[in-house]
> 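Take a look at the following structure, please.
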Number of protein chains: 4
Amino acid sequence: MPEHSFRKVFASLESAVPPVPGHLKPRKTPVQSRSGATVEAIHEAVVQVLLTEGLARLTTTRVAERAGVSVGTLYQYFPNKQALLFTILLQHFVEMAEVIEKVSRDRAPRPLADLADGLADAYFSVKLARPEVTTALYRIAGAIDQVRLPPDVFKRLETAVTQALKHASDATFHDPERAAFTLLSALAGVARAGFSRPVSDPAFLRRLHREGRLLSRAYLRAAADTAADLSATS
Amino acid sequence: MPEHSFRKVFASLESAVPPVPGHLKPRKTPVQSRSGATVEAIHEAVVQVLLTEGLARLTTTRVAERAGVSVGTLYQYFPNKQALLFTILLQHFVEMAEVIEKVSRDRAPRPLADLADGLADAYFSVKLARPEVTTALYRIAGAIDQVRLPPDVFKRLETAVTQALKHASDATFHDPERAAFTLLSALAGVARAGFSRPVSDPAFLRRLHREGRLLSRAYLRAAADTAADLSATS
Amino acid sequence: MPEHSFRKVFASLESAVPPVPGHLKPRKTPVQSRSGATVEAIHEAVVQVLLTEGLARLTTTRVAERAGVSVGTLYQYFPNKQALLFTILLQHFVEMAEVIEKVSRDRAPRPLADLADGLADAYFSVKLARPEVTTALYRIAGAIDQVRLPPDVFKRLETAVTQALKHASDATFHDPERAAFTLLSALAGVARAGFSRPVSDPAFLRRLHREGRLLSRAYLRAAADTAADLSATS
Amino acid sequence: MPEHSFRKVFASLESAVPPVPGHLKPRKTPVQSRSGATVEAIHEAVVQVLLTEGLARLTTTRVAERAGVSVGTLYQYFPNKQALLFTILLQHFVEMAEVIEKVSRDRAPRPLADLADGLADAYFSVKLARPEVTTALYRIAGAIDQVRLPPDVFKRLETAVTQALKHASDATFHDPERAAFTLLSALAGVARAGFSRPVSDPAFLRRLHREGRLLSRAYLRAAADTAADLSATS
DNA sequence: AATGAATGAGTATTCATTCAT
DNA sequence: TATGAATGAATACTCATTCAT
């Protein structure tokens with residue numbers, strides 16, 4: 001019985017920032033086709049500028065330029081610079097959550113080892129989908145961590161993993177939230193270290209993925225209520 | 001035989017930046033006691049400003065003020081603002097390396113489980129020594145991820161862990177560098193996630209540490225050459 | 001015989017700006033009822049925005065929004081933002097002139113005291129009709145004092161007062177323009193001071209009016225040709 | 001017994017703004033001679049830019065340029081643009097207050113007519129001292145009236161006039177504050193109207209002054225507790 | 001050595017105005 | 001005619017860095 005649930009870690013973030021900070025919401029919903037394209041172009045421009053110029057040189061003007069629009073237009077869709085970064089980070093987290101949710105959803109319980117692989121695969125599939133984008137995201141992270149992402153996003157991720165853990169056919173978790181937190185953090189650490197390099201080498205990234213699997217399996221097996229103990233009592 | 005050694009991960013950083021970028025070296029070596037005190041005061045001031053004001057409000061003038069010296073004096077010891085941040089980060093890494101080196105140095109080989117705990121303990125002992133400082137360091141990280149730390153520092157850390165792994169009395173590693181890299185990255189991920197919160201709760205930090213141990217033991221056991229173990233049993 | 005007529009004061013403004021600056025004229029005369037309504041709505045919107053948001057937040061977009069039309073439409077009726085402010089100020093002056101003209105028009109000569117009261121009453125009746133509008137107008141004043149109102153407007157006001165002074169049955173003015181100028185300026189000063197407050201208190205405004213009367217009577221009596229009267233009696 | 005003293009007019013301003021708004025205070029007190037000269041140069045530059053370019057083109061950069069310093073230096077002495085305008089306006093009011101205080105201070109009671117002239121003379125002496133500065137001040141007024149001058153300044157002015165009125169040897173005032181308010185407002189109106197012209201003609205300004213005297217005498221005589229009534233009772 | 005005043009490039013953001021639809 | 005998305009010039013303010021004293 002944990003005196004301080006890991007769920008609190010994320011919960012504590014909630015008080016600091018309202019669920020969806022008003023000043024970070026897009027100003028207008030892009031309904032017209034042109035608008036949609038513009039927003040997309042700006043998104044991509046942020047990534048490009050981040051990759052080629054770095055966070056320090058990421059100015060609103062530069063992003064607009066790269067996107068082929070005027071600053072004014074940029075500000076029509078994003079209330080401020082933070083929102084620019086925020087959006088692409090948020091999008092990434094949502095993507096991640098969706099993929100992880102799939103691991104256990106609509107599926108029969110599976111052996112823990114399978115789940116562990118599934119989680120690692122899900123995690124790295126998103127990270128590896130567009131390596132440059134992932135790299136760009138790590139550049140951003142520091143600049144955002146003040147005005148944090150809406151805690152919902154974190155919670156959703158954590159919950160997705162927690163759910164997956166409950167789907168294990170051959171293991172139970174005393175404190176699944178804690179395990180979910182640690183697993184996610186560890187995978188994040190490995191991914192971050194791997195992507196914190198100017199260039200991403202495909203072969204290296206593949207190995208990174210494999211290490212992630214190894215880590216996932218090993219940690220989860222260790223964190224589960226040891227079967228050994230249970231069988232011993234019988 | 002890895003087609004792409006993990007050592008390369010850090011080595012690849014070398015090309016981007018000269019080993020010890022000249023413009024980040026302290027301008028004068030603090031030989032006099034007064035100078036030493038000044039540098040120390042500035043160090044501490046950086047941490048304090050970071051903690052109380054945040055990265056965005058960390059200006060050279062403010063740091064100088066807090067340190068009780070003039071900006072001019074600050075620039076006598078640090079060539080630029082980057083160097084200011086750089087220095088305290090570097091110091092942290094050196095500290096970390098020293099502690100990890102102690103794990104295996106001048107010691108007889110030990111069981112892997114012991115080593116795993118020793119490494120996790122070493123890692124968290126540094127992180128938990130001054131939690132606020134650790135928090136401050138994570139704030140910085142993003143800001144200097146452009147001008148990276150000299151790869152030596154990373155390599156030294158990685159090497160320290162690698163050496164420790166070789167000290168295992170009951171396990172061998174096919175690719176100890178890889179294991180060292182993954183272990184360090186995973187621990188870093190857990191620590192980062194734990195400290196990326198406005199307030200650090202001692203109880204939570206203790207649990208973080210315990211999770212680190214669990215992770216360390218589990219991963220290392222899994223990463224070790226299982227084939228050897230199997231042949232031993234036969 | 002004044003070596004420098006007070007009429008010149010306003011006349012001197014003429015050289016600076018063409019009588020009715022082309023770029024401030026409404027673009028189209030609102031002949032249709034719909035157009036008339038639109039212009040009226042914009043007028044009112046300017047006042048409302050000014051009152052609720054302040055001059056600094058008076059943007060063309062905001063005015064259009066408040067008026068329930070698009071910016072484009074606004075620009076169909078007003079060539080630029082200046083014109084927007086200009087128009088409502090102009091309207092106010094015209095109103096004022098009309099009311100003051102009534103003081104003496106189609107009326108038999110009256111005692112100066114009566115006229116003085118009449119002028120003050122006229123002046124304040126306009127200012128007090130919609131106190132919030134008056135307040136809004138003072139907010140604007142500074143913003144357009146560059147591109148001044150067409151001097152005609154001032155002249156018309158001054159002339160109206162001058163005419164009234166000539167209607168005095170018991171006094172003559174050596175330089176009625178001068179007296180008109182001073183009286184108008186003084187009343188304007190009192191009104192401005194009174195309205196330059198966040199909130200308008202009805203009781204206070206009533207007293208303001210009374211002071212205006214007192215001022216008007218006192219000044220006009222003093223400014224009238226007392227010498228002539230005295231010599232006449234002797 | 002007025003149900004709403006005129007003193008309230010100014011008092012009501014007090015609640016809106018703290019006596020000396022922190023963000024308008026000069027950042028550093030100019031102790032060194034160079035600093036003093038710099039501040040003075042900036043002061044003068046504000047006036048010059050206002051006169052030659054107008055309020056709309058009064059930018060901090062432009063002022064700094066005109067003053068022969070960098071923007072940075074300007075901001076070393078003035079926390080923001082408002083403060084720039086604020087300062088010269090404040091200075092003007094202080095000057096005005098000082099001159100008006102002299103009218104009655106250290107003086108034996110005098111006839112009301114003398115005092116009236118004295119007040120008008122004081123008022124216009126300040127306005128006419130540097131006509132261009134006065135003109136510049138009127139341009140500013142509009143831009144400031146949001147963040148008002150510290151009410152102390154107004155009160156000091158009002159008090160000075162009130163005191164003077166009490167020094168009349170041949171008249172008493174039922175509500176001297178009210179009279180002070182009206183007189184000041186009226187004089188301000190006349191001055192404003194006179195200076196709201198591109199060019200100031202000395203001859204015209206002289207006449208303005210004379211009208212001010214006339215107005216002052218006439219109003220004060222009328223506002224005083226009528227001697228007629230008193231003599232009537234005797 | 002120390003100081004801190006001066007510098008000025010750099011940046012986020014606004015808003016009047018236009019014009020294709 | 002009406003719309004409102006797009007434009008981009010303009011501006012207040014900051015802060016790393018220098019250098020005369």
> Which whole-number value in Å describes the distance from D/Leu74 CG to F/dC15 C1'?
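That distance rounds to 16 Å.
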> Measuring to OP1 and OP2 of F/dT3, would you say a side-chain N or O of C/Ser70 lies under 4.0 angstrom away?
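Yes, because at least one side-chain N or O of C/Ser70 sits under 4.0 Å from OP1 or OP2 of F/dT3.
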> Hey, which sits more toward the 5' end of DNA chain E by its nearest nucleotide, B/Gly68 or A/Arg62?
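Looking at DNA chain E, the more 5' nearest nucleotide goes with B/Gly68.
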> Taking only side-chain N and O atoms of D/Thr61, does any of them lie within less than 4.0 angstrom of OP1 or OP2 on F/dT11?
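Answer no for this pair, as no side-chain N or O of D/Thr61 is under 4.0 Å from OP1 or OP2.
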> Do A/Arg57 and A/Thr52 have a side chain donor and acceptor closer than 3.5 Å?
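A/Arg57 vs A/Thr52: no donor-acceptor pair found between side chains.
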> Scan C/Arg57 against the nucleic acid and name what it touches under 4.0 Å (heavy atoms): base, sugar-phosphate only, or nothing.
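No contact at all - C/Arg57 keeps every heavy atom at 4.0 Å or more from the nucleic acid.
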> If you assign each of B/Val71 and C/Val69 to its closest nucleotide in DNA chain F, which residue comes earlier from the 5' end?
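It is C/Val69, whose closest nucleotide lies nearer the 5' terminus.
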> Would you check if the side chain of D/Thr73 reaches a backbone N or O of D/Val69 as a donor-acceptor pair within less than 3.5 Å?
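Looks like no, no N/O pair under 3.5 Å.
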> Could you give the CG-to-P distance, from C/Leu84 to E/dC15, as a whole number of Å?
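Going from CG in C/Leu84 over to P in E/dC15 covers 15 Å.
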> B/Gly72 or D/Gly72: which one's nearest nucleotide on DNA chain F is closer to the 5' end?
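Looking at the nearest nucleotide for each, D/Gly72 comes out on the 5' side.
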> Please report the distance, rounded to the nearest Å, between CG in C/Leu55 and P in E/dA16.
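After rounding, the reported distance stands at 11 Å.
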> Calculate, to the nearest 0.5 Å, the distance between atoms CG and CG belonging to C/Leu85 and C/Leu50 respectively.
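Rounded to the nearest 0.5 Å, the CG-CG separation comes to 7.0 Å.
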> Side chain to side chain contact (heavy atoms under 4.5 Å, CB included) with A/Val153: which residues, sequence neighbours excluded?
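For A/Val153, the residues satisfying side chain to side chain contact (heavy atoms under 4.5 Å, CB included) (neighbours in sequence not counted) are A/Leu90, A/Phe93, A/Pro150.
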> Once you round it to whole Å, what is the distance between P of F/dA16 and CD1 of B/Ile42?
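Taking atom P of F/dA16 as the reference, CD1 of B/Ile42 is at 14 Å.
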> Measure the spacing between NE2 of A/His43 and CG of A/Leu84 and express it to the nearest 0.5 Å.
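Those atoms lie 7.5 Å apart.
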> Check whether any side-chain N or O of B/Thr60 sits under 4.0 Å from OP1 or OP2 of F/dA16, and answer yes or no.
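Looking at the OP1 and OP2 atoms of F/dA16, one of them is under 4.0 Å from a side-chain N or O of B/Thr60.
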> Return one dot-bracket line describing DNA chain F 5' to 3' (Watson-Crick or G-U wobble pairs, both distances under 3.5 Å; ( ) same strand, [ ] crossing, | another strand, . none).
.||||||||||||||||||||
> Taking CD from C/Gln76 and P from E/dT17, how many angstroms apart are they, rounded to a whole number?
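C/Gln76 atom CD is separated from E/dT17 atom P by 15 Å.
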> Could you give the CD-to-P distance, from B/Glu65 to E/dG4, as a whole number of Å?
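After rounding, the reported distance stands at 10 Å.
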> Check step by step if side chain to side chain contact (heavy atoms under 4.5 Å, CB included) holds for C/Glu44 and C/Gln48.
CA-CA 6 Å; C/Glu44 191 56 31; C/Gln48 290 308 321; 3.0 Å; yes
> To the side chain of D/Lys81, which of F/dC13, F/dT3, F/dT17 is closest?
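Within the option list, the nearest is F/dC13.
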> Please pick, from E/dT7, F/dA6, F/dC15, the nucleotide with the shortest atom-to-atom distance to any side-chain atom of A/Thr73.
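Closest nucleotide among those given: F/dA6.
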> Kindly give the heavy-atom pair with the smallest separation between B/Arg62 and B/Val49, and that separation in Å.
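The pair with the smallest heavy-atom distance is O-CG2, 4.2 Å.
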> So D/Val46 and D/Arg66, do their side chains get closer than 4.5 Å, heavy atoms only?
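When only atoms from C-beta onward are counted, D/Val46 and D/Arg66 do not touch, as no gap falls below 4.5 Å.
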> Just compare E/dA16, F/dA6, E/dA2 and give me whichever is closest to any side-chain atom of C/Thr59.
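Selected nucleotide: E/dA16.
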> Would you say A/Tyr75 places a side-chain N or O within less than 4.0 Å of OP1 or OP2 belonging to F/dT7?
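False: A/Tyr75 side-chain N/O out of range (4.0 Å or more) of F/dT7 OP1/OP2.
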> Heavy atoms under 4.0 Å, any strand shown: does A/Leu58 hit a base, just sugar-phosphate, or nothing?
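Touches sugar-phosphate only.
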